[in-house]
Amino acid sequence: MKSAKTKKRVSQLWLYLLKTIVAVIMFLPIIWIATGGFKTLTEFTTSSRIIPQNFTLENFTYIFRSSNIFLYVRNTVLLMLGTTIGTLFSSSLVAYPLARMEFKGKNLIFSIIIATMMIPNIALIIPQYIMFGKIGWLDSLLPMIIPAFFAYPYNVFLFRQYFRSIPKELDESATIDGCSRVQIFFKVLVPLSKPTYATIAVLSCVFWWNELTQPVFYINSDEWRTLTMALMTSYMYTSGNAFVINWPSIMAAATLMILPPMLLYFFGNRFLVGGIKTTGLKG
């Protein structure tokens, strides 16, 4: 018995050691970025040490002194909140009849919605750019916020799966009490679907906080520039005939950008795991 217990403890120890090594490897880039923000430009370009020899806060003060950082934060937050609210509202509304009602062609409609997930987003950007240009929405957040109010297929799938896991007897009881379809949705399904709402909200916020491709296509002026665009362009300058990239300032800005998604995931992890686990309970 002791031998078996000893072998089990040794195997668990090796497993924990392996997990620790993998975790360190996964976090090394983040650690490198975070420590890089405390280096001078000379040390960053000449030394490969992870830990800075001389810590400096100059890069962090440079971010707030030399760029419209608060304007970029405002634009990014507006984009993140607008798209998240839009996708939560529209995707849940689209998923409701697909999960709780019976009508002809329901499965075909759902199949078509899921099939659109196979189309790469990058393939749609050029026609969307032309369309939004004719409407007059370019150089604003509208080309990214408004489409969110027309539902995203993956979010529709998550909502539909969760709605189908809720007993339909609740709908029947609410109907007997005099509730309409709209009241059933808002008073029964929405309160019971908080894990899925939280899951999609966290995923949407993180995605749009880090999104670069669409802002680069649609935004031209500094007025509507997002944090990712600023991170790409705001810390580059010319010195004489040389083009200089201020890597330590970029690392400092990237460190500040990493913190909000990490905090969001930390506080929303319980809902995120619960929402993903329950979406596949009923097909």
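Predicted, not measured: the structure shown is a model, and the values here were computed from it. Hydrogens, waters and symmetry mates play no part in the numbers below; they use all other heavy atoms, side chains included.
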- Message: If you apply the rule side-chain contact (heavy atoms from CB on, under 4.5 Å), what do you find for Ile200 with Phe159, and how did you get there?
- Response: CA-CA 9 Å; Ile200 294 175; Phe159 274 118; 3.2 Å; yes

- Carefully, step by step, assess Thr40 and Thr42 under the rule side chain to side chain donor-acceptor pair (under 3.5 Å). CA-CA 5 Å; Thr40 62; Thr42 302; 4.9 Å; no

- Passes side-chain contact (heavy atoms from CB on, under 4.5 Å), Tyr96 versus Arg181? Steps please. CA-CA 10 Å; Tyr96 173 50; Arg181 292 284 188 180; 3.7 Å; yes

- Message: Applying side-chain contact (heavy atoms from CB on, under 4.5 Å) to Leu41 and Thr45, what does each step give before you reach the verdict?
- Response: CA-CA 6 Å; Leu41 181 59; Thr45 54; 4.1 Å; yes

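With rounding to the nearest 0.5 angstrom, the CZ atom of Arg160 is 11.5 Å from the CG atom of Leu158. Within the model, atoms OG1 of Thr226 and CD of Gln214 stand 11.0 Å from one another, a figure rounded to the nearest 0.5 Å. The distance from the OG atom of Ser193 to the CG atom of Leu88 is 11.5 Å, given to the nearest 0.5 Å. Rounding to the nearest 0.5 Å places CD1 of Ile33 at 10.5 Å from CH2 of Trp247. Here CD1 of Ile85 is found 9.5 Å from CD1 of Ile145. Values are rounded to the nearest 0.5 Å. Note: Phe149 CZ to Leu93 CG = 11.5 Å, rounded to the nearest 0.5 Å.
Ile112 and Met118 are not part of a single hydrophobic cluster, where members link through side-chain heavy atoms under 4.5 Å apart. At a threshold of 4.5 Å between side-chain heavy atoms, the hydrophobic network of Ile, Leu, Val, Met, Phe, Trp and Tyr places Tyr16 and Phe27 in two separate groups. A single hydrophobic cluster is not seen to contain both Ile176 and Phe186; linkage of ILVMFWY side chains at heavy-atom distances under 4.5 Å, directly or through other members, places them apart. Under a hydrophobic-cluster definition in which Ile, Leu, Val, Met, Phe, Trp and Tyr are linked whenever side-chain heavy atoms come within less than 4.5 Å, directly or via other members, Leu256 and Met80 are assigned to the same cluster.
Residues Ser165 and Tyr162 approach most closely at OG-O, 2.6 Å, considering heavy atoms. Shown here for Pro248 and Phe44, the closest heavy-atom pair between the two residues is CG-CB, 3.8 Å. For the residue pair Ile63 and Ala253, the shortest heavy atom distance occurs at CD1-N, 3.3 Å. Contact record, Ala151 with Val156: CB-CG2, 3.8 Å, taken as the closest heavy-atom pair.
Side-chain contact between Ile219 and Leu141: present, with at least one pair of heavy atoms (C-beta onward) separated by less than 4.5 Å. Side chains of Asn155 and Leu203 form no contact here, defined as non-hydrogen atoms less than 4.5 Å apart. Counting only heavy atoms from C-beta outward, the side chains of Ile31 and Thr35 approach each other to under 4.5 Å. Between Met251 and Trp32, some side-chain heavy-atom pair lies under the 4.5 Å cut-off. Residues Leu98 and Phe103 have side chains in contact (heavy-atom distance under 4.5 Å, counting atoms from C-beta outward). Residues Pro215 and Glu211 have side chains in contact (heavy-atom distance under 4.5 Å, counting atoms from C-beta outward). Put simply, the side chain of Val190 does not reach to within 4.5 Å of the side chain of Ser92, judged on heavy atoms. Considering only heavy atoms from C-beta on, Leu231 stays 4.5 Å or farther from Leu212 through its side chain.
Using modelled atom types, no side-chain atom of Thr87 and backbone atom of Thr84 make a donor-acceptor pair closer than 3.5 Å. The backbone N or O of Asn220 sits less than 3.5 Å from a side-chain atom of Asp139, completing a donor-acceptor pair. Checked by atom type and distance alone, the side chain of Gln183 pairs as donor or acceptor with a backbone atom of Ser180 at under 3.5 Å. In this structure, Gln128 contributes its side chain and Pro143 its backbone to no donor-acceptor pair below 3.5 Å. Under a 3.5 Å cut-off, the side chain of Asn59 and the backbone N or O of Ala252 do not form any donor-acceptor pair. With Arg100 contributing its side chain and Ile166 its backbone, the two residues share a donor-acceptor pair below 3.5 Å. Panel note: side chain Thr116, backbone Ile113; a donor-acceptor pair is recorded below 3.5 Å.
Ring geometry, Phe157 versus Phe110: the interplanar angle falls under 30°, so the pair is classed parallel (tilted spans 30 to 60°).
The hydrophobic cluster around Ile119 extends to Leu124, counting ILVMFWY residues whose side-chain heavy atoms fall within less than 4.5 Å of a member. Within the hydrophobic cluster formed by Ile, Leu, Val, Met, Phe, Trp and Tyr side chains joined at under 4.5 Å, directly or through other members, Leu18 is accompanied by Val22, Met26. Within the hydrophobic cluster formed by Ile, Leu, Val, Met, Phe, Trp and Tyr side chains joined at under 4.5 Å, directly or through other members, Trp14 is accompanied by Val10, Leu17, Ile21, Ile25.
Remark: Arg9 CZ is loosely packed, at most 12 non-hydrogen atoms of other residues, nucleotides or ligands lying under 6.0 Å away. Heavy atoms from other residues, nucleotides or ligands lying under 6.0 Å from CE of Met131 number more than 12.
For Phe38 and Phe60, the ring centers sit closer than 6.0 Å to each other.
Judged as a ring pair (Phe, Tyr, Trp, His ring centres under 6.0 Å), the pairs with a partner in residues 203-231 (not counting sequence neighbours) are, in order, Phe132-Tyr218.
Checked for salt-bridge contact, Lys106 and Glu102 meet the test: a charged N lies under 4.0 Å from a carboxylate O. No salt bridge links Lys39 with Glu58; every basic N to acidic carboxylate O contact stays at or beyond 4.0 Å.
Take Phe150 and apply the side-chain contact (heavy atoms from CB on, under 4.5 Å) test, not counting sequence neighbours, and it matches Ile146.
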Please tabulate, for the side chains in residues 69-76, all donor-acceptor contacts under 3.5 angstrom to protein atoms that are two or more places apart in sequence or on a different chain.
unit_1 : atom_1 : unit_2 : atom_2 : d
Tyr72  : OH     : Asp222 : OD1    : 2.5
Tyr72  : OH     : Asp222 : OD2    : 3.4
Asn75  : ND2    : Leu71  : O      : 3.3
Asn75  : ND2    : Glu223 : O      : 2.9
Asn75  : ND2    : Arg225 : O      : 2.9
Thr76  : OG1    : Tyr72  : O      : 2.8
Thr76  : OG1    : Leu227 : N      : 2.9

